[in-house]
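Numbering starts at 1 and runs along the sequence shown. The structure displayed is predicted, hence computed values, not measured ones.
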Amino acid sequence: MLTGRTKAIASEFAPPAHSEPDVIEIADRERRRLGRELHDGLCQSLAGIAALTAALSRDLAANVGPGPAASASEILRLLNEAISEARDLARGLTPVAVRGRSLVDALGALARNVSRAHGTHCVLIDDGRCPSLRGETTTHLVRIAQEAVRNAISHGKADEIEIRLDCRCSMAVLSICDRGVGLPEDFRDRAGLGLHTMDYRADAIGGALKVAPHPVRGVVVTCAFPLPAPAGHRGADAQMPN
């Protein structure tokens with residue numbers, strides 16, 4: 001049995017409790033910080049080393065011979081590849097800007113960024129019927145798509161990714177389908193903060209998240225969510241699809 005004094009001491013050393021929104025914000029902030037540090041720190045250091053190596057290669061070619069110069073050129077090539085990979089990683093850790101954008105615009109920017117940064121064929125398909133959404137809803141949906149795309153590239157080794165947005169009268173479905181290696185059987189046991197935050201984001205907008213293997217190859221992540229009722233319309237509550 002803990003005495004009052006013991007409880008007070010224990011509470012001083014207990015880790016602070018965070019609500020789920022706090023956890024989401026902390027994860028996003030940390031991801032942005034890592035992306036900036038990669039870009040401003042590691043990438044800049046590697047670029048400096050590459051510049052020195054290029055100068056060394058020219059000096060060796062002029063004063064020593066082709067053999068050492070060729071070795072320096074190969075080092076320079078590997079450095080440039082490392083710089084490119086680090087910049088791609090930094091872009092992947094830096095979220096797509098959502099403020100002031102519609103959901104379709106933000107998802108389109110995500111697809112373009114992924115195609116440029118990772119060489120993965122990523123496309124957005126939308127039915128052109130998505131109404132204007134609250135900024136918070138748009139942010140949650142874009143972050144869900146980002147996490148699904150990141151998992152498809154990092155874990156699924158996907159070479160194709162399709163982001164699809166289908167809007168009906170009162171419901172919409174955002175799906176991210178990849179052509180990768182698929183899900184491990186124990187993926188739920190191995191899932192970390194990423195899947196947890198996607199679940200929370202879907203719940204925060206009144207939606208439902210589902211992660212399932214694709215019938216042919218890869219993974220499908222779907223988020224079904226309610227659309228805002230048209231102005232002046234007070235119909236029955238939307239029913240979430242099974």
Undergrad: Does the Thr53 side chain pair with the main chain of Leu76, one donor and one acceptor, at a distance under 3.5 Å?
TA: no
Undergrad: Under the side-chain contact (heavy atoms from CB on, under 4.5 Å) rule, collect the residues that match up with Ala55, sequence neighbours excluded.
TA: Arg58
Undergrad: For the side-chain contact (heavy atoms from CB on, under 4.5 Å) test, which of Asn151, Val219, Asp159 pairs with Asp178?
TA: Val219
Undergrad: Run the side-chain contact (heavy atoms from CB on, under 4.5 Å) test on Arg116 and Asn113 for me, step by step, so that the C-alpha distance in whole Å, both residues' side-chain angles and the decisive distance to 0.1 Å come before the verdict.
TA: CA-CA 5 Å; Arg116 283 196 300 261; Asn113 290 352; 2.7 Å; yes
Undergrad: What distance separates Cys167 SG from Phe225 CZ, expressed to the nearest 0.5 Å?
TA: 5.5 Å
Undergrad: Using modelled atom types only, decide if a donor and an acceptor are shared between the side chain of Arg179 and the backbone of Glu160 within a distance under 3.5 Å.
TA: no
Undergrad: Looking at Thr137 and Leu133, would you say the former's side chain and the latter's main chain have a donor-acceptor pair under 3.5 Å?
TA: no
Undergrad: Just by modelled atom types, is the Arg101 backbone N or O under 3.5 Å from a matching donor or acceptor in the Asp105 side chain?
TA: no
Undergrad: Would you compute the distance between atom SG of Cys177 and atom NE2 of His214 and round it to the nearest 0.5 angstrom?
TA: 3.5 Å
Undergrad: Are Val64 and Leu56 grouped together when hydrophobic residues (ILVMFWY) are joined by side-chain heavy atoms under 4.5 angstrom apart?
TA: yes
Undergrad: From Ile153 CD1 over to Thr120 OG1, what is the distance, rounded to the nearest 0.5 angstrom?
TA: 4.5 Å
Undergrad: If you look at every heavy atom in Val149 and Val114, which pair is closest and at what distance?
TA: CG1-CG2, 3.5 Å
Undergrad: Among residues at least two apart in sequence or on other chains, which ones pass salt bridge (Lys or Arg N to Asp or Glu O under 4.0 Å) with Arg164?
TA: Glu162
Undergrad: Kindly indicate whether the side chain of Leu174, heavy atoms from C-beta on, has any atom under 4.5 Å from the side chain of Leu107.
TA: yes
Undergrad: I need the minimum non-hydrogen distance between Ala204 and His140, along with the two atoms involved.
TA: CB-NE2, 3.9 Å
Undergrad: Would you say the side chain of Ile125 lies within less than 4.5 Å of the side chain of Leu165, judging by non-hydrogen atoms?
TA: no
Undergrad: Over all heavy atoms of both residues, which pair between Ile205 and Pro226 is shortest? Give the atoms and the distance, please.
TA: O-CD, 3.6 Å
Undergrad: Kindly give the heavy-atom pair with the smallest separation between Val173 and Ala224, and that separation in Å.
TA: CG2-CB, 4.2 Å
Undergrad: Below 4.5 Å, heavy atoms only, C-beta onward: do Met198 and Arg143 meet side chain to side chain?
TA: no
Undergrad: Compare all side-chain heavy atoms of Ser175 with those of Val221 and state whether any distance is below 4.5 angstrom.
TA: no
Undergrad: Output all residues satisfying side-chain contact (heavy atoms from CB on, under 4.5 Å) with Ala72, sequence neighbours left out; order by chain, then residue number.
TA: Ser57, Leu60
Undergrad: Measure the OH-CG distance between Tyr200 and Leu209 for me, rounded to the nearest 0.5 Å.
TA: 14.0 Å
Undergrad: In this structure, would Val104 and Ile161 fall into the same cluster of hydrophobic residues linked by side-chain contacts under 4.5 Å?
TA: yes
Undergrad: Within the 4.5 Å heavy-atom criterion, are Ile176 and Val220 side-chain neighbours or not?
TA: no
Undergrad: Please tell me whether Ile163 and Leu227 are part of a single hydrophobic cluster in this structure, the criterion being side-chain heavy atoms less than 4.5 Å apart.
TA: yes
Undergrad: Measure the spacing between CG of Leu141 and CD of Gln146 and express it to the nearest 0.5 Å.
TA: 11.5 Å
